[in-house]
Protein chains: 2
Amino acid sequence: MTNENCASCLLKSKATKNLKASELNLLGENCVQVSFDKGETILKQNTLSTNIVYLKTGLVKLIADGPKRTQILKIKKAPCYLGLPTTMGDKINNYSIIALEKSVACYVEIKVFKELLKISPEFSYEIMLDLCQNELFLYKRFVKLLQNQIYGRLATNLLFFSNEIYGSDEFDLPLNRNEIADLICTSRETVSRLFTDFSKDNIIKIEGKHIKLLNKRKLEEISKNG
Amino acid sequence: MTNENCASCLLKSKATKNLKASELNLLGENCVQVSFDKGETILKQNTLSTNIVYLKTGLVKLIADGPKRTQILKIKKAPCYLGLPTTMGDKINNYSIIALEKSVACYVEIKVFKELLKISPEFSYEIMLDLCQNELFLYKRFVKLLQNQIYGRLATNLLFFSNEIYGSDEFDLPLNRNEIADLICTSRETVSRLFTDFSKDNIIKIEGKHIKLLNKRKLEEISKNG
DNA sequence: AGACTTTTGTGATATCTATCACATTTTTCT
DNA sequence: AGAAAAATGTGATAGATATCACAAAAGTCT
């Protein structure tokens with residue numbers, strides 16, 4: 001296992017900034033950096049969970065097989081930890097993680113990660129904070145998915161891409177229509193219809209994957225009321 | 001603030017079993033035990049989050065206002081921690097917690113809880129494990145809610161009550177029809193129709209809130225396939 | 001460049017569940 | 001015990017979205 005220089009890494013996590021030089025060294029000795037192309041699998045569902053993954057750069061989707069079809073659980077943007085719940089909470093990976101664009105990730109052995117949790121309370125605390133904030137985010141996200149109709153569900157996610165992922169009202173969607181359907185729990189035909197309707201109402205402008213939000217205020221209203 | 005004797009408490013959490021006598025004493029000095037009747041509010045949404053709650057005995061529901069109606073996020077049975085994500089992850093309580101039967105809870109000041117996290121890695125680790133397992137549970141629960149139709153959604157929850165809460169195929173539902181509708185995201189009329197259909201098919205026998213699962217295998221099949 | 005595969009858009013129809021209304025039953029309060 | 005309120009069950013109808021089919025457009029590979 002190659003030795004990564006975590007101390008000098010400019011993309012390390014907020015949590016690891018709490019670690020001493022010796023702790024960073026321990027981390028580096030048990031850490032491997034890997035590059036991924038779009039579509040490649042970073043972590044696979046139903047395999048043994050032996051590593052914590054830290055996403056240095058890129059964008060990924062967390063997916064799981066549901067009763068009827070694949071479900072996109074969440075989309076995460078670097079920098080962030082991936083697979084923490086499934087590695088610490090179970091022996092088997094409960095979901096897969098797929099790169100949505102070129103990405104770079106570091107794999108850390110679970111034993112080393114647990115050791116760092118024990119010897120650095122500040123590190124442990126930051127990780128716990130992240131878990132707590134993630135849970136609150138999941139509650140909000142799923143309640144909106146469950147209670148809104150499909151216009152509201154699509155609007156919510158378009159706003160998420162704009163505000164949280166790209167920081168812009170104009171961007172290339174990282175998902176095809178079928179994947180968007182997996183994200184908002186509908187069919188790909190319905191996604192097409194919604195994009196057509198939003199375009200006709202001058203709420204968005206879309207050409208293939210390139211999208212521009214024309215009436216963000218209206219999207220916010222649709223997102224809120226469903 | 002009265003001094004609770006946490007050291008001698010027979011209902012303390014697995015996590016606190018890692019604490020030394022001095023740490024338990026610190027906990028006890030900043031801990032208040034309160035009893036609740038069914039329907040009473042243990043933690044209220046949109047109030048300041050200043051306490052961690054440990055449920056010693058009883059059963060509770062976590063609820064939040066959604067775009068259309070109240071959503072039951074989760075039902076939790078003692079012994080367990082409540083409100084961890086919302087107290088550590090935000091300054092405001094993101095959801096309410098209501099007793100579904102007579103319950104006893106201990107309120108711990110967040111500052112003391114954080115202190116214990118810092119001084120006891122084993123305690124911290126157990127709390128983190130709990131957060132991770134909870135997140136996995138939420139993923140499974142919400143994916144089934146999102147993808148199954150209403151028969152599957154009701155079946156899943158009846159099995160949850162039977163297997164995880166009551167450990168019996170015969171029990172009193174802790175929720176009325178409207179609350180069950182809040183749990184599985186449907187209308188109270190639909191809940192009535194489903195109970196009627198399941199009764200007609202000899203899958204369950206229900207009289208008011210008293211229910212007996214007659215064909216658990218069938219419920220499992222419906223839960224799986226929706 | 002062209003063939004092949006994948007993705008997308010739209011029309012038509014079917015299915016599922018919400019909503020509304022109302023009556024009945026059960027529970028709560030005095 | 002009786003009145004009032006809340007909860008429940010059922011019927012009828014409306015609305016939302018899935019499904020199926022098919023054609024067209026876009027992307028990939030050789």
Side-chain angles (χ1 to χ4, degrees), chain A residues 37-40 66-72 98 100-101 144-158 172-201 204-211 222-223 225-226, chain B residues 37-40 66-72 98 100-101 144-157 172-201 204-211 222 225-226:
Chain A
D37 283 326
K38 174 184 168 69
E40 292 197 294
K68 299 223 183 326
R69 38 113 48 98
T70 293
Q71 178 70 49
I72 293 186
I98 313 291
L100 292 176
E101 63 184 40
K144 280 199 161 193
L145 276 178
L146 287 163
Q147 294 198 9
N148 274 345
Q149 293 185 327
I150 47 166
Y151 284 93
R153 302 211 296 269
L154 182 60
T156 297
N157 282 270
L158 291 180
D172 285 343
L173 286 164
L175 308 168
N176 64 26
R177 299 301 189 257
N178 205 52
E179 288 170 315
I180 294 175
D182 289 343
L183 180 64
I184 69 175
C185 317
T186 188
S187 67
R188 62 156 194 87
E189 293 94 335
T190 300
V191 172
S192 284
R193 294 188 221 283
L194 293 182
F195 277 141
T196 301
D197 290 345
F198 278 166
S199 294
K200 280 174 177 169
D201 293 342
I204 65 168
K205 184 178 183 211
I206 188 164
E207 288 173 8
K209 288 186 165 179
H210 196 74
I211 187 170
I222 295 169
S223 167
N225 299 323
Chain B
D37 283 327
K38 175 186 166 68
E40 292 197 295
K68 297 221 183 326
R69 40 122 36 108
T70 293
Q71 177 71 51
I72 293 186
I98 313 291
L100 292 176
E101 62 184 39
K144 281 197 161 194
L145 276 178
L146 286 163
Q147 294 198 10
N148 273 345
Q149 293 185 329
I150 48 164
Y151 284 93
R153 301 209 297 269
L154 181 59
T156 297
N157 282 270
D172 286 342
L173 285 163
L175 308 167
N176 65 24
R177 300 302 189 254
N178 206 52
E179 288 169 316
I180 294 175
D182 290 342
L183 180 65
I184 69 175
C185 317
T186 188
S187 67
R188 62 151 196 92
E189 292 94 337
T190 301
V191 174
S192 282
R193 294 188 220 282
L194 294 180
F195 277 140
T196 301
D197 290 345
F198 278 165
S199 293
K200 280 174 177 169
D201 293 342
I204 65 169
K205 183 178 183 208
I206 189 164
E207 286 173 9
K209 288 184 165 179
H210 196 72
I211 186 170
I222 295 170
N225 299 321

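Because the structure is predicted, anything quoted here is derived from the model rather than measured. We name chains A, B, ... by the order of the sequence lines, and we start the count at 1 in each one.
Taking only side-chain atoms of B/S187, from C-beta outward, the nucleotide of C/dA18, D/dA7, D/dA18 with the closest atom is C/dA18. Among the nucleotides C/dT7, D/dC20, D/dT10, the one closest to the side chain of B/R193 is D/dT10.
The nearest whole Å value for the distance from the CG atom in B/N176 to the C1' atom in D/dA6 is 9 Å. Atom-to-atom, NE2 of B/H210 to P of C/dT26 comes out at 16 Å; the value is rounded to the nearest Å. C/dT17 atom P lies 18 Å from atom CG of A/N148, rounded to whole Å. If you measure from atom CD of A/E189 to atom P of C/dG9, you get 11 Å, rounded to the nearest angstrom. Whole-Å rounding puts the B/N225 CG to C/dC16 P distance at 15 Å. Taking atom CG of residue B/L194 and atom P of nucleotide D/dT8, one finds them 14 Å apart after rounding to whole Å. As a whole-Å value, the separation of A/E207 CD from D/dA25 P is 15 Å. The interatomic distance linking A/I222 (CD1) with D/dA16 (C1') rounds to 16 Å, in whole Å.
A sub-4.0 Å separation between OP1 or OP2 of C/dA18 and a side-chain N or O of B/T190 is present. B/T196 has a side-chain polar atom (N or O) that falls below the 4.0 Å cut-off from OP1 or OP2 of D/dT10. Residue A/S192 has no polar side-chain atom (N or O) positioned under 4.0 Å from OP1 or OP2 of C/dT10.
Among the candidates B/T190, B/T186, B/L173, the single residue satisfying the side-chain contact (heavy atoms from CB on, under 4.5 Å) test with B/I180 is B/L173. Of the options A/Q71, A/R177, A/R188, A/R69, a side-chain hydrogen bond (donor to acceptor under 3.5 Å, both in side chains) to A/D182 is made by A/R69 and by none of the others.
Within the 4.5 Å cutoff, the side chain of A/F198 has no heavy atoms near those of the A/I211 side chain.
Between A/N178 and B/K68, the residue anchored closer to the 5' end of DNA chain C is A/N178, taking for each the nucleotide with the nearest heavy atom.
The base of C/dT17 is not paired with the side chain of B/R188 by any donor and acceptor separated by under 3.5 Å. Applying the 3.5 Å distance criterion, the base of C/dT25 shares no donor-acceptor pair with the side chain of B/R177.
At a cut-off of 3.5 Å, with distance as the only test, no side-chain donor of B/S199 or B/T196 sits close to an acceptor on the other residue.
In this structure, B/E101 contributes its side chain and B/K38 its backbone to no donor-acceptor pair below 3.5 Å.
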